[in-house]
Amino acid sequence: MVREGLFSMLLETRPIFKNREFLRPSYTPEELPHRDSQIHQLARILAAPLRGETPSNILIYGKTGTGKTASVKYVTRELEKVSDRSPLKVKLVYINCEEVNTKYRILATLANTFLEKLRCSRDAVELPESVPMTGWPTDEVYKCFFRAMDGEKQLAVIVLDEIDKLVLKSGDEVLYNLTRMNSDLKNSKVSIIGISNDLNFMNYLDPRVRSSLSEEELVFHPYNALQLKDILEKRAKISFVDGVIEDGVISLCAANAAREHGDARRALDLLRVAGELAERQGDEKVSVDHVRRAYEKIEQDKMVEVIKTLPSQSKLVLYSIVILMERMPRSIVSGEVYSVYRDLCSQAGLDVLTQRRVGDLISELDLLGVISAKIVSKGRQGRTKEIKLNVHPTQVMAAIQGEQLVTIDTLKLSRQLTLV
DNA sequence: AATCCACAGGAAGCCCGGGAAC
DNA sequence: GTTCCCGGGCTTCCTGTGGATT
């Protein structure tokens with residue numbers, strides 16, 4: 001009976017999504033509304049080398065979700081299409097500097113990209129098959145990349161996304177090498193597109209790199225609520241079944257994201273999660289209520305991610321707070337947290353930090369928004385911090401579970417012991 | 001008004017690991 | 001390989017503090 005009901009429910013419920021992939025950040029849309037001027041500017045700069053001019057390097061600024069990456073991917077994709085009919089072939093290399101963030105790895109990635117291309121077109125005896133991801137001297141990798149690239153007449157467009165992360169971690173040396181290449185290359189040309197969230201990262205650069213890298217600068221301003229609404233409507237049309245979105249849903253998503261520095265990615269996430277919540281509940285339409293709950297879910301998920309990346313001592317402090325929460329839902333004070341924490345440490349066989357240090361860890365948790373702490377004075381009972389948990393205890397538990405130092409068995413054990 | 005609690009949080013310095021320079 | 005330097009995590013020691021209680 002139950003099974004029959006289960007399946008009939010699934011079959012009877014009308015689907016909500018046509019294709020939810022269009023709402024994911026990985027999707028590069030066919031058209032990018034409200035980015036026409038930036039796209040034209042980009043295209044104009046990148047088209048110059050096809051006419052034989054020396055390419056300019058481009059630096060793109062803008063906060064997250066303002067369409068920087070999508071615009072660059074869109075324009076470079078079009079450029080590659082056109083280059084088939086042009087005498088100068090265009091080769092695009094996209095590198096996300098959050099993952100590839102050292103000089104060696106950048107050069108190795110570039111070298112391997114061009115070696116592979118060269119191998120396809122003709123055999124290059126004097127060059128190696130590929131560069132290992134570790135081991136070689138860095139200048140050897142550079143030479144290899146240089147020769148592999150110059151082996152053919154082409155324009156290399158190197159996109160360095162999140163370039164600020166690279167500079168912060170490994171300095172600007174590799175950028176210096178790349179920006180100087182054009183003067184040494186005989187056959188090919190290179191054009192660098194740097195994408196950055198951080199407007200100040202240029203201050204960390206060598207002046208020569210700075211001027212060369214920012215021959216052309218493009219700024220992507222945040223979208224306003226109206227623009228976000230327009231973007232969402234276009235995307236919703238292709239990703240949702242017609243008529244499943246109730247009035248006000250898109251406006252609410254747009255308004256929400258506009259408040260958070262006009263982040264389109266966030267607006268799309270909100271809409272997608274709202275749709276998924278509606279789908280999971282078997283509702284036929286996406287309502288503003290779904291959006292509100294989606295907002296909460298996204299916030300909570302973000303928190304779980306934050307907790308997962310916490311060092312184990314901080315996790316232990318947080319876990320102490322959870323134990324106290326379950327024991328007595330009234331206010332928790334820092335002294336209690338410390339004594340529970342000490343118990344947990346001895347149970348788990350971990351070093352016990354001093355109260356001073358745990359106080360700092362509590363402040364850090366507060367800063368991250370995982371807890372709220374405020375200083376209260378209780379007269380003769382002294383001055384302390386009153387702590388409130390901002391995440392549901394079960395979510396904290398879920399986030400901590402993978403921790404190796406604190407196995408869940410130890411936690412359960414110590415929980416029983418402290419519960420006396 | 002004075003006292004005193006139970007911490008908060010600043011200052012200084014130790015220790016250790018990682019990276020750069022020699 | 002060794003030395004030097006730096007930054008982060010941590011401890012020790014310390015002073016400061018709001019308000020209930022005396």
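Keep in mind the model is a prediction, meaning the values are calculated, not measured. Any value given below was found using the heavy atoms of this structure, including those in side chains, with hydrogens, waters and symmetry copies removed. Numbers restart at 1 for each chain; the letters A, B, ... are given by sequence-line order, proteins then strands.
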Does Arg293(A) come within less than 4.0 Å of Glu296(A), counting only side-chain N to carboxylate O? no
Hey, which of Leu107(A), Leu110(A), Val174(A) is the one that makes side-chain contact (heavy atoms from CB on, under 4.5 Å) with Tyr142(A)? Leu107(A)
Could you tell me if His40(A) and Ser37(A) have a donor-acceptor pair between their side chains, going purely by distance under 3.5 Å? no
For a quick check of understanding: with a heavy-atom distance under 4.0 Å over all strands, which category does Val337(A) fall into, base, sugar-phosphate or nothing? nothing
Pick base, sugar-phosphate or nothing for Gly335(A), based on heavy-atom distances below 4.0 Å to the nucleic acid. sugar-phosphate
Are Arg266(A) and Glu299(A) ion-paired here, with the side-chain N under 4.0 Å from a carboxylate O? yes
Using ring centroids (six-membered ring only for Trp), state whether Phe240(A) and Phe17(A) fall under 6.0 Å. yes
DNA chain B: first to last nucleotide in contact with chain A (atom under 4.0 angstrom from a heavy atom), 5' to 3', is dT3(B) to dG10(B)
Are side-chain N/O atoms of Gln313(A) and Tyr341(A) paired as donor and acceptor at under 3.5 Å? yes
Using a heavy-atom cut-off of 4.0 Å to chain A, what are the terminal contacting nucleotides of DNA chain C, in 5' to 3' order? dG9(C) to dT22(C)
Carboxylate-amine/guanidinium proximity below 4.0 Å for Arg272(A) and Asp269(A): yes
Check whether any side-chain heavy atom of Ser188(A) lies under 4.5 Å from a side-chain heavy atom of Glu152(A), and answer yes or no. no
Where along residues 368-390 of chain A does a heavy atom fall under 4.0 Å from DNA chain C? Ser377(A), Gly379(A), Arg380(A), Gly382(A), Arg383(A)
Result for 5'-nearest mapping on DNA chain C, choosing between Glu364(A) and Arg356(A), is Glu364(A)
Nearest 0.5 Å please: distance from the CZ atom of Arg147(A) over to the CG atom of Leu185(A). 13.5 Å
Just wondering, do Pro29(A) and Arg235(A) contact through their side chains at under 4.5 Å, heavy atoms? yes
